Engineer: 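Mind looking over this structure? Questions follow.
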2 protein chains.
Amino acid sequence: MNGAEALLRTLVGSDVDVCFANPGTSEMHFVAALDRVPEMRAVLTLFEGVATGAADGYARLAGKPAATLLHLGPGLGNGWANLHNARRAHVPLVNVVGDHATYHQRFDALLQSDLWGLARSTSAWQRSTMRAVDVGPDAADAVAASYGPPGRIATLVVPADVSWTEGAAPAPRRPVPSPSAVPAETVEGVADVLGSGARAVLLIGGAAMHERGLDAAARIAYATGAKLLAETFPPVQSRGGGLPDVEKLAYFGEMAMGQLDGARHLVLAGAKRPVSFFAYPGKPSDLVPEGMTVHELAGPAQDVPGALAALADALGADVRAPLEPARRPDRPSGRLTTESMAAAVGHLLPEDAIVVDESVTSGLSVPGATSAGPRHDWLAVTGGSIGQGLPAATGAAVAAPGRRVLSLEADGSAMYTLQALWTQAREGLDVTTLLLANHSYAILQFELARVGATGSGERAAAMLDLHHPVLDFVGLARGMGVPAERATTADELSSLLEQSFADSGPMLVEAVLA
Amino acid sequence: MNGAEALLRTLVGSDVDVCFANPGTSEMHFVAALDRVPEMRAVLTLFEGVATGAADGYARLAGKPAATLLHLGPGLGNGWANLHNARRAHVPLVNVVGDHATYHQRFDALLQSDLWGLARSTSAWQRSTMRAVDVGPDAADAVAASYGPPGRIATLVVPADVSWTEGAAPAPRRPVPSPSAVPAETVEGVADVLGSGARAVLLIGGAAMHERGLDAAARIAYATGAKLLAETFPPVQSRGGGLPDVEKLAYFGEMAMGQLDGARHLVLAGAKRPVSFFAYPGKPSDLVPEGMTVHELAGPAQDVPGALAALADALGADVRAPLEPARRPDRPSGRLTTESMAAAVGHLLPEDAIVVDESVTSGLSVPGATSAGPRHDWLAVTGGSIGQGLPAATGAAVAAPGRRVLSLEADGSAMYTLQALWTQAREGLDVTTLLLANHSYAILQFELARVGATGSGERAAAMLDLHHPVLDFVGLARGMGVPAERATTADELSSLLEQSFADSGPMLVEAVLA
């Protein structure tokens with residue numbers, strides 16, 4: 001057995017059975033081995049940023065890593081931005097990066113680069129395999145390393161001759177490490193704080209954003225009067241279907257400080273201490289008000305939902321606020337605005353859907369329109385690097401067949417990794433892309449003012465404007481094999497969403513917002 | 001004056017007056033300053049790989065650096081692959097990368113990353129400016145550093161507060177360093193070798209590929225009987241209009257070894273010692289045959305054309321082989337094949353055109369069909385990382401207004417950085433994209449066999465196939481505002497090229513090859 005086959009068999013044996021790939025010559029033996037290891041599903045992408053973003057979306061839903069297959073330094077470079085988002089999401093992810101043959105590297109052939117420096121700049125674990133006999137064990141180590149906890153990026157560099165040399169063998173699966181339990185003293189300490197009657201905020205994130213954590217957090221808040229907030233961009237938030245709808249920490253720092261204002265204690269459960277997304281002249285970076293004491297109940301390497309459940313028990317917090325009754329917005333009609341668009345989504349969102357949100361400014365009304373609707377999962381841009389939505393939607397759909405994925409996408413963001421649509425068509429994935437076209441980098445129009453960049457005029461404004469020429473997303477999607485239509489009224493949007501949710505396979509709906 | 005304005009004024013004062021930009025919040029002060037420094041032309045791109053590839057194409061034609069404007073680590077990551085190509089092209093290029101404010105970095109906000117490690121993995125020079133008073137001098141240093149020689153990537157990281165703080169001032173232009181002269185002894189030594197009568201190969205590249213170097217090299221070959229070869233992927237080759245047509249070193253190693261076979265000496269002038277592009281089982285990496293002596297006349301940091309001219313003088317090589325008469329292929333008709341496509345290009349290529357070649361396998365007949373035609377420049381994928389063609393064509397068109405750019409593009413390669421088309425439309429650039437659709441990664445079908453990846457079947461073949469679904473490049477181009485048509489016969493292709501060459505502005509022609 002050659003190294004490539006041992007690599008594939010080790011991955012599959014370690015429960016990594018999906019690979020998002022954009023291979024080149026140095027990965028051809030891996031590609032050839034796919035026919036001998038049919039348990040591995042290889043999903044072709046046209047660009048590496050699609051592969052890494054898809055692996056992120058996949059891991060958020062599947063709770064286990066996908067592999068990527070990337071071509072040398074440039075391939076890993078193209079995947080870098082979405083690896084950044086994946087790193088912030090604390091997902092497990094295994095990059096397999098082909099490299100020149102070991103003996104070829106000293107010749108500095110044209111595709112040679114500082115692959116190792118690049119890998120180190122984005123990975124928590126990296127290894128270059130130097131012998132075919134090592135590739136099985138190294139691959140098993142990579143998968144184990146990716147689990148953390150918390151989940152992380154593991155990058156395995158595989159020179160071409162390691163792939164093609166015989167004498168390799170698959171390695172057995174390594175144990176999957178579990179998040180560690182939070183010590184009882186920590187839980188008791190936080191229980192004392194929250195039980196003291198002093199005003200407090202409980203800020204949750206990460207693994208707390210699923211049913212068990214949300215339920216415990218809501219009971220704690222109800223029992224103690226603590227204000228419950230969630231991090232701004234959680235990797236996956238379970239919503240609807242009777243789950244508590246948790247207010248998010250605001251993106252803009254001054255609004256976030258308002259949310260924290262007046263409390264004496266801040267308890268963190270799976271969330272980081274709040275900091276401003278960007279710095280602004282004269283505004284604080286650290287959003288924790290003076291005089292507030294910060295307590296960490298559980299960090300991302302720990303069992304966050306377990307800690308919240310233990311805290312609820314310690315506080316005797318058995319009940320939570322009465323649920324709001326299930327409720328959907330009425331079917332909207334008339335002008336297509338950010339509000340009527342949100343109502344259409346809320347009116348029609350299918351049971352058990354997955355919403356991937358990269359709508360930036362245009363989608364701000366959608367959370368409110370869906371919070372009391374059917375159960376769904378909501379994925380955010382965890383690292384703030386746009387170009388993550390369409391790839392993550394692709395990976396989520398691979399991870400969760402039978403569930404409809406709604407990809408809420410802004411026009412500016414969509415153009416970073418639009419190639420994801422082709423993979424959605426190729427794989428027949430159940431992804432509805434709702435493309436919200438405002439023909440601008442609207443967020444930057446706010447930011448230009450917020451950073452105090454005064455005196456700017458036409459030339460600055462032109463850098464934030466996408467009108468010249470207008471992007472035709474219907475044409476772009478159809479060009480990649482995805483059926484697409486344009487909605488200019490709320491009625492048209494509702495009909496098109498209804499059609500897409502009823503059909504199988506991908507569709508793009510371009511909503512031209514008034 | 002704030003740091004951003006001092007940065008812009010320093011760049012302009014250093015003769016860097018084009019910036020390919022994809023800004024975010026941390027670059028808003030730079031954007032705002034554009035209205036105060038109208039000498040800087042900012043060209044908006046939808047993806048950072050377009051910005052870096054355009055800066056590469058620009059520098060190859062302009063002979064001076066463009067700036068890029070990129071957003072933190074993810075922005076530089078997205079630009080990495082085309083920076084790799086630019087590095088291999090030895091062009092000067094100045095990245096301006098915005099960063100979080102200096103005091104904000106310790107808070108690890110979501111967009112924080114190992115920007116420094118990333119910059120180091122692709123740049124020959126990098127600096128992070130920590131005070132507004134330093135930004136002028138640092139920018140002037142960055143431009144000077146980018147000139148090398150040889151040209152290189154200089155990356156200046158500018159935290160947001162450095163941009164917005166007052167008290168900065170532009171710095172004066174630093175001297176532009178020149179390539180060093182080759183010592184007379186070196187020239188004499190090579191003259192002795194070539195004058196000895198022993199069989200020799202003269203391998204030229206880089207700066208030798210323009211008129212002066214080509215002419216001297218051709219005279220040397222004619223006078224001494226040395227075989228003249230050129231590196232496989234030169235940054236810019238001047239062709240046509242009576243210039244000698246130099247045979248390229250073949251991409252496949254065994255063919256390259258055949259070209260070198262039988263010679264005793266190999267003289268390098270601006271080219272690297274030949275190595276195989278990839279390693280293959282049982283085949284050598286170093287392509288220099290045993291017993292061949294390698295002599296370097298001039299490296300990329302030296303005055304390569306000057307060295308060739310001095311060598312020609314030392315050899316008394318005053319004349320070169322008689323020119324082939326100017327000749328264009330006949331206008332083709334009938335089936336659209338790689339040959340009739342090449343004939344159409346050769347028949348119609350405008351005087352003084354710029355050809356950007358990322359056609360991979362489909363364009364192999366075009367060089368032969370254009371070598372005796374009108375004068376033109378030919379740009380290759382210097383680092384072997386695909387996704388460079390459309391951005392480089394964009395930058396070349398910005399650098400050379402009034403000249404038609406012909407972008408020969410393969411369908412697989414086009415999908416990495418297709419967003420370049422939007423910038424071409426926005427700027428009204430005279431770029432004709434000839435999209436050669438064979439619906440596959442055809443090069444990899446060869447490579448799969450060449451690396452000895454036997455036993456592969458349907459699943460491997462599927463990873464190299466782009467038929468499902470077929471990409472509609474006419475729809476994709478129109479979706480980004482570029483007029484586009486499809487050609488299915490040689491006559492249609494000729495008519496469409498004729499139309500595009502006569503019009504101003506961009507156009508895409510999809511050639512469906514039989």
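Because the structure is predicted, anything quoted here is derived from the model rather than measured. Note on naming: letters A, B, ... go to the chains in the order of the sequence lines (proteins, then strands), and numbering restarts at 1 for each one.
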Engineer: Which class fits the ring pair B:Phe47 and A:Phe47: parallel under 30°, tilted 30 to 60°, perpendicular over 60°?
Structural biologist: perpendicular

Engineer: Rounded to the nearest 0.5 Å, how far does NE2 of B:His29 lie from CG of A:Leu448?
Structural biologist: 8.0 Å

Engineer: How long is the gap from CD on A:Glu5 to CD on A:Glu166, to the nearest 0.5 Å?
Structural biologist: 8.5 Å

Engineer: Report which part of A:Val451 has an atom under 4.5 Å of a heavy atom belonging to chain B: side chain, backbone, both, or neither.
Structural biologist: both

Engineer: Does any heavy atom of chain A fall under 4.5 Å from the side chain of B:Ser276, the backbone, both, or neither of them?
Structural biologist: both

Engineer: What part of B:Ala462 lies closer than 4.5 angstrom to a heavy atom of chain A: side chain, backbone, both or neither?
Structural biologist: both

Engineer: Picking from B:Thr25, B:Asn22, B:Leu44, which has the most non-hydrogen pairs under 4.5 angstrom with chain A?
Structural biologist: B:Thr25

Engineer: Indicate yes or no: does B:Asp472 engage B:Arg486 in a salt bridge with an N to O separation below 4.0 Å.
Structural biologist: yes

Engineer: Side chain, backbone, both or neither: which part of B:Phe30 has an atom under 4.5 Å from a heavy atom of chain A?
Structural biologist: neither

Engineer: Which atoms of B:Asp108 come close to chain A, meaning under 4.5 Å heavy atom to heavy atom: side chain ones, backbone ones, both, or neither?
Structural biologist: both

Engineer: Relative to each other, are the rings of B:His84 and B:Trp80 parallel, tilted or perpendicular (30° and 60° limits)?
Structural biologist: parallel

Engineer: Please determine whether a side-chain nitrogen of the Lys or Arg among B:Arg273 and B:Asp286 lies less than 4.0 Å from a carboxylate oxygen of the Asp or Glu.
Structural biologist: yes

Engineer: Among A:Gly387, A:Gly384, A:Gly481, single out the residue with the greatest number of heavy-atom pairs under 4.5 Å to chain B.
Structural biologist: A:Gly384

Engineer: Should A:Arg450 and A:Phe278 count as side-chain neighbours, where that means a heavy-atom distance under 4.5 Å?
Structural biologist: no

Engineer: Given the rule in the side-chain contact (heavy atoms from CB on, under 4.5 Å) test, do A:Gln105 and A:Gln112 qualify, once you have shown the distances and angles that lead to the verdict?
Structural biologist: CA-CA 7 Å; A:Gln105 296 180 17; A:Gln112 186 89 12; 3.6 Å; yes

Engineer: Who among A:Thr417, A:Val470, A:Leu118 has the most heavy-atom pairs with chain B under 4.5 Å?
Structural biologist: A:Leu118

Engineer: In terms of heavy-atom pairs under 4.5 Å, which option from B:Gly383, B:Pro281, B:Ser113, B:Ser385 contacts chain A the most?
Structural biologist: B:Pro281

Engineer: Heavy-atom pairs under 4.5 Å with chain A - which of B:Pro284, B:Pro23, B:Ser121 has more of them than the others?
Structural biologist: B:Ser121

Engineer: Please rank B:Met415, B:Arg88, B:Glu27, B:Glu447 by heavy-atom pairs under 4.5 Å with chain A and give me the top one.
Structural biologist: B:Arg88

Engineer: Is the ring centre of A:Phe446 less than 6.0 Å from the ring centre of A:Tyr251?
Structural biologist: no

Engineer: So which of A:Leu111, A:Asp114, A:Val43 has the largest heavy-atom pair count under 4.5 angstrom toward chain B?
Structural biologist: A:Leu111

Engineer: Most heavy-atom pairs under 4.5 angstrom with chain B, which of A:Pro74, A:Ala4, A:Ala109?
Structural biologist: A:Pro74

Engineer: Under a 4.5 Å heavy-atom cutoff, which of A:Trp164, A:Phe277, A:Phe473, A:Phe107 has the most pairs with chain B?
Structural biologist: A:Trp164

Engineer: A:Glu48 and A:Leu76: side-chain contact (heavy atoms from CB on, under 4.5 Å), yes or no, with the steps?
Structural biologist: CA-CA 7 Å; A:Glu48 295 87 346; A:Leu76 184 59; over 6 Å; no

Engineer: Given a strict heavy-atom distance threshold of 4.5 Å, which part of B:Trp422 is in contact with chain A: side chain, backbone, both, or neither?
Structural biologist: both

Engineer: Taking the side chain as everything from C-beta on, heavy atoms only, tell me whether A:Leu110 gets closer than 4.5 Å to B:Thr232.
Structural biologist: no

Engineer: Which bit of B:Arg87 is near chain A, if near means a heavy-atom gap under 4.5 Å: side chain, backbone, both or neither?
Structural biologist: side chain

Engineer: For the interface with chain A, which of B:Ala21, B:Gly49, B:Pro38 has the highest count of heavy-atom pairs at distances below 4.5 Å?
Structural biologist: B:Pro38

Engineer: What part of A:Thr165 gets within 4.5 angstrom of chain B, counting heavy atoms only: side chain, backbone, both, or neither?
Structural biologist: neither

Engineer: Could you tell me if A:Gln419 and B:Tyr416 have a donor-acceptor pair between their side chains, going purely by distance under 3.5 Å?
Structural biologist: no

Engineer: Measure B:Ser413 against the heavy atoms of chain A and call it side chain, backbone, both or neither at under 4.5 Å.
Structural biologist: neither

Engineer: So which residue, A:Thr122, A:Val275, A:Val474, ends up with the most heavy-atom pairs under 4.5 Å with chain B?
Structural biologist: A:Val275

Engineer: Contact part of A:Asp161 toward chain B, heavy-atom cut-off under 4.5 Å: side chain, backbone, both or neither?
Structural biologist: neither

Engineer: Tell me, side chain or backbone of B:Val482 under 4.5 Å from chain A's heavy atoms, or both, or neither?
Structural biologist: neither

Engineer: For A:Ala42, is it the side chain, the backbone, both or neither that has a heavy atom under 4.5 Å from a heavy atom of chain B?
Structural biologist: both

Engineer: What's the shortest heavy-atom distance between A:Ser285 and A:Ala279, and which atoms?
Structural biologist: OG-CB, 4.4 Å

Engineer: Checking heavy atoms, do the side chain of A:Val50, its backbone, both or neither come under 4.5 Å from chain B?
Structural biologist: neither

Engineer: Need one label for B:Leu466: side chain, backbone, both or neither, based on atoms under 4.5 Å from any heavy atom in chain A.
Structural biologist: both

Engineer: How close do B:Leu508 and B:Ala477 get, counting heavy atoms only, and between which atoms?
Structural biologist: CB-CB, 3.9 Å

Engineer: Below 4.5 Å, heavy atoms only, C-beta onward: do B:Leu69 and A:Met463 meet side chain to side chain?
Structural biologist: no

Engineer: Based on non-hydrogen pairs under 4.5 Å, which of B:Leu34, B:Asn82, B:Asn2 is most in contact with chain A?
Structural biologist: B:Leu34

